Amino acid sequence: MEKKENKKHQYTLVIIKPDALVKSLTGNILTRLSEARLRIIAAKVVKVTRELAEKHYAHLKDKPFFNDLYEYFSGKTYGHEYERILVFVYEGEDAIDRVRKIAGATNPLEADPTTIRGAYGRINKKGIMENVIHCSDSEESAEREIKLWFKPDEIVEPIYPTKIVYKDNYPVLEWA
Ligand code: IDP
Ligand code: MG
């Protein structure tokens, strides 16, 4: 008998970036992601501060294009009504790989045209890859990113260890 494949139960962070909102792609992207047979366990709309962007893209913070990347990622490029992103946590078997496959390569010009980035991405005038979606690239980054964007009680199931911290004598759940 064939050996059963070793599939990993994983969590991954997905962000629908402002260019997707400008192009009214939210429904389309969520439909594409539903092909991965994963479950959404957290979702919200967030206005991206410089601080959050620097933490999320810590590996790019010192690049010469970071300022332009921030303008894009925060939606400032598109005006006030697009200064927001949609953030999700997906859960399921091989969640990280499955979502990255559907998302496609980072550079939209190199991404397979059947992927989300290949179909809808572009490179803007400043050279920034506007690729409509973010998805975690490893279990380590998924955990770091999920903890950055969500508080424990914003996720419908417990996924990482937490601790209770007292703020003004009021108990608050935080990541341990
Ligand atoms: P990923 O989004 O596929 O994980 P990262 O290397 O983590 O790729 O880069 C984060 C985002 O920063 C990309 O999705 C893209 O929007 C932008 N970006 C990354 N590298 C470049 C670059 O060399 N030029 C322009 N934009 C870039
Ligand atoms: Mg990345």
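This is a predicted model, so every value here is computed, not measured. No hydrogens, no waters, no symmetry mates; every other heavy atom, side chains included, goes into these values.
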Remaining members of the apolar cluster that contains Tyr166, side-chain heavy atoms under 4.5 Å: Ile164, Leu173
For Lys63, all residues meeting salt bridge (charged side-chain N to carboxylate O under 4.0 Å, His left out), sequence neighbours excluded: none
Could you check whether any side-chain heavy atom of [X] comes within less than 4.5 Å of a side-chain heavy atom of [Y], counting everything from C-beta outward?
{"X": "Ile155", "Y": "Ile146", "answer": "yes"}
{"X": "Ile29", "Y": "Ile133", "answer": "yes"}
{"X": "Lys17", "Y": "Arg84", "answer": "no"}
{"X": "Leu38", "Y": "Leu33", "answer": "no"}
{"X": "Leu13", "Y": "Phe150", "answer": "yes"}
{"X": "Phe88", "Y": "Ile16", "answer": "yes"}

For [X] and [Y], work out which heavy atoms get closest and say how close.
{"X": "Arg117", "Y": "Pro108", "answer": "O-CB, 3.5 Å"}
{"X": "Met129", "Y": "Tyr72", "answer": "O-CE2, 3.7 Å"}
{"X": "Ala111", "Y": "Gly104", "answer": "CB-C, 4.4 Å"}
{"X": "Leu21", "Y": "Thr26", "answer": "CD2-OG1, 3.4 Å"}
{"X": "Thr106", "Y": "Arg100", "answer": "OG1-NH2, 4.0 Å"}
{"X": "His134", "Y": "Ser136", "answer": "NE2-N, 3.8 Å"}

Residues, nucleotides or ligands: over 12 heavy atoms within 6.0 Å of Arg122 CZ: yes
His59 atom NE2, neighbour heavy-atom count above 12 within 6.0 Å: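 Enclosed: over 12 neighbouring heavy atoms sit under 6.0 Å from NE2 of His59.
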side-chain hydrogen bond (donor to acceptor under 3.5 Å, both in side chains) involving His9 - partner list, sequence neighbours excluded: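 Only Glu91 meet the side-chain hydrogen bond (donor to acceptor under 3.5 Å, both in side chains) criterion with His9.
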With Ser141 via side-chain hydrogen bond (donor to acceptor under 3.5 Å, both in side chains) - residues at least two apart: Asp137, Ser138
Hey, could you give me the [atom1]/[atom2] distance between [X] and [Y], rounded to the nearest 0.5 Å?
{"X": "Glu81", "Y": "Glu83", "atom1": "CD", "atom2": "CD", "answer": "9.0 Å"}
{"X": "Lys8", "Y": "Asp97", "atom1": "NZ", "atom2": "CG", "answer": "9.5 Å"}
{"X": "Glu139", "Y": "Ile96", "atom1": "CD", "atom2": "CD1", "answer": "5.0 Å"}
{"X": "Asp153", "Y": "Thr162", "atom1": "CG", "atom2": "OG1", "answer": "9.5 Å"}
{"X": "Lys23", "Y": "Tyr82", "atom1": "NZ", "atom2": "OH", "answer": "12.0 Å"}
{"X": "Tyr90", "Y": "Ser34", "atom1": "OH", "atom2": "OG", "answer": "7.5 Å"}

Chi angles and distances behind the side chain to side chain contact (heavy atoms under 4.5 Å, CB included) call for Ile123, Asn107: CA-CA 8 Å; Ile123 297 192; Asn107 185 340; 3.6 Å; yes
Positive for side chain to side chain contact (heavy atoms under 4.5 Å, CB included) with Ile128, one of Asp68, Thr77, Asp19: Asp68
Cationic N near anionic O, under 4.0 Å, Lys147 to Glu143: yes
Arg98 and Glu93 ion-paired at < 4.0 Å: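 Counted as a salt bridge, because a side-chain N and a carboxylate O are separated by less than 4.0 Å.
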Side chain to side chain contact (heavy atoms under 4.5 Å, CB included) between Val99 and Val14, worked out: CA-CA 8 Å; Val99 173; Val14 171; 3.8 Å; yes
Donor on one side chain, acceptor on other, Asn28 and Tyr120, under 3.5 Å: yes
Worked check of side chain to side chain contact (heavy atoms under 4.5 Å, CB included) between Val89 and Thr12: CA-CA 6 Å; Val89 179; Thr12 189; over 6 Å; no
For Phe73, all residues meeting ring pair (Phe, Tyr, Trp, His ring centres under 6.0 Å), sequence neighbours excluded: His56, Tyr57
Side-chain donor-acceptor contacts of residues 40-51 below 3.5 Å, not counting sequence neighbours, with atom names and distances?
| unit_1 | atom_1 | unit_2 | atom_2 | d |
| --- | --- | --- | --- | --- |
| Lys44 | NZ | Trp149 | O | 2.7 |
| Lys44 | NZ | Glu154 | OE1 | 2.9 |
| Lys44 | NZ | Glu154 | OE2 | 3.3 |
| Thr49 | OG1 | Leu52 | N | 3.1 |
| Arg50 | NE | Glu54 | OE2 | 3.1 |
| Arg50 | NH1 | Asn67 | OD1 | 2.5 |
| Glu51 | OE2 | Lys55 | NZ | 3.2 |

From CA spacing to verdict: salt bridge (Lys or Arg N to Asp or Glu O under 4.0 Å), Glu174, Lys167: CA-CA 11 Å; Glu174 286 187 358; Lys167 287 188 178 158; 2.7 Å; yes
